[in-house]
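All residue numbers refer to positions in the sequence shown, counting from 1.
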Amino acid sequence: MPETMKRHGRIKGYFSVEAALVLPTVLGVYLFLVVMLFAQYDRCLLEQDMASMLIKAGNYEGTPQERLNYLQELTLLWDREQYLWIQPQPPRFSVQGQQIRLEAAGEYILPYGSLARPGETQRLELVFRLNTWDKATLAKLLVRDNGD
């Protein structure tokens, strides 16, 4: 019985060395993935917020200047506190005839040890364009295309 206790009581040293090397690497990869998922979540959220603003402006009846004013009002009501990693900047709008153009951007910093240089700011930029027509113009366009 003393021999079995001796065999089970010993732990070989290579396991400790492997754990000391592998565990920090695995934790670093997990941290990197979590940060990238936060950035991806914020990118999706920014796209949805901007698309929502564009759709609301596209459905708003009025002159291009009134639409631009409406978009600026929507920007003031925009909740920027919901973002986890990105610091979004105020979007820029332009209305030219029937086209609304929206440019949005956000900045974030990747953690130390990632693919970017430490402390380097990364920039996410989104550009959306929406063509809006009144119902009569849209109906004429559809009838003309179907008539060919």
Hey, is the main chain of Y60 close enough, under 3.5 Å, to the side chain of R67 for a donor-acceptor pair?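 A pair under 3.5 Å: yes.
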Keeping the roles fixed (side chain from D42, backbone from W85), state whether a donor-acceptor pair exists under 3.5 Å.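 Judged by distance alone, yes, a pair lies under 3.5 Å.
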Return yes if a side-chain donor-acceptor contact under 3.5 Å exists between N69 and Q65, otherwise no.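 Yes, a side-chain donor-acceptor pair sits under 3.5 Å.
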Member of L27, V26, L33 meeting the side-chain contact (heavy atoms from CB on, under 4.5 Å) criterion with V29: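 Result: among L27, V26, L33, L33 is the only option passing the side-chain contact (heavy atoms from CB on, under 4.5 Å) with V29.
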Hphob cluster co-occupancy, [X] + [Y], side-chain heavy atoms under 4.5 angstrom:
X: V34; Y: Y108; answer: yes
X: V127; Y: L45; answer: no
X: V22; Y: Y30; answer: yes
X: Y41; Y: Y83; answer: yes

Stepwise side-chain contact (heavy atoms from CB on, under 4.5 Å) test for Y70 and K56: CA-CA 9 Å; Y70 180 65; K56 288 177 184 177; 4.0 Å; yes
So [Y] and [X], do their side chains get closer than 4.5 Å, heavy atoms only?
X: L71; Y: I100; value: yes
X: L76; Y: Q72; value: no
X: F128; Y: M53; value: no

Test side-chain contact (heavy atoms from CB on, under 4.5 Å) on N59 and I55 and set out the steps. CA-CA 6 Å; N59 291 333; I55 291 171; 3.8 Å; yes
Take W78 and D49 through the test side-chain contact (heavy atoms from CB on, under 4.5 Å) and record every step on the way to the result. CA-CA 8 Å; W78 180 32; D49 285 346; 3.0 Å; yes
L46 CG to L124 CG distance, which is reported to the nearest 0.5 Å: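 One gets 6.0 Å once the value is rounded to the nearest 0.5 Å.
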What's the spacing between E103 CD and R92 CZ if we round to 0.5 Å?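 So the CD of E103 and the CZ of R92 are separated by 4.5 Å.
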Please report the closest heavy-atom contact between P91 and T75, naming both atoms and the distance.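 Shortest heavy-atom contact: CD-CG2, 3.6 Å.
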Could you tell me which non-hydrogen atom of R43 sits nearest to which non-hydrogen atom of I86, and how far apart they are?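 Closest approach of R43 to I86: N-CD1, 4.0 Å.
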Using the side-chain hydrogen bond (donor to acceptor under 3.5 Å, both in side chains) definition, which of the options R123, R80, E125 pairs with Q89?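 That would be R123; it is the only one of R123, R80, E125 passing the side-chain hydrogen bond (donor to acceptor under 3.5 Å, both in side chains) with Q89.
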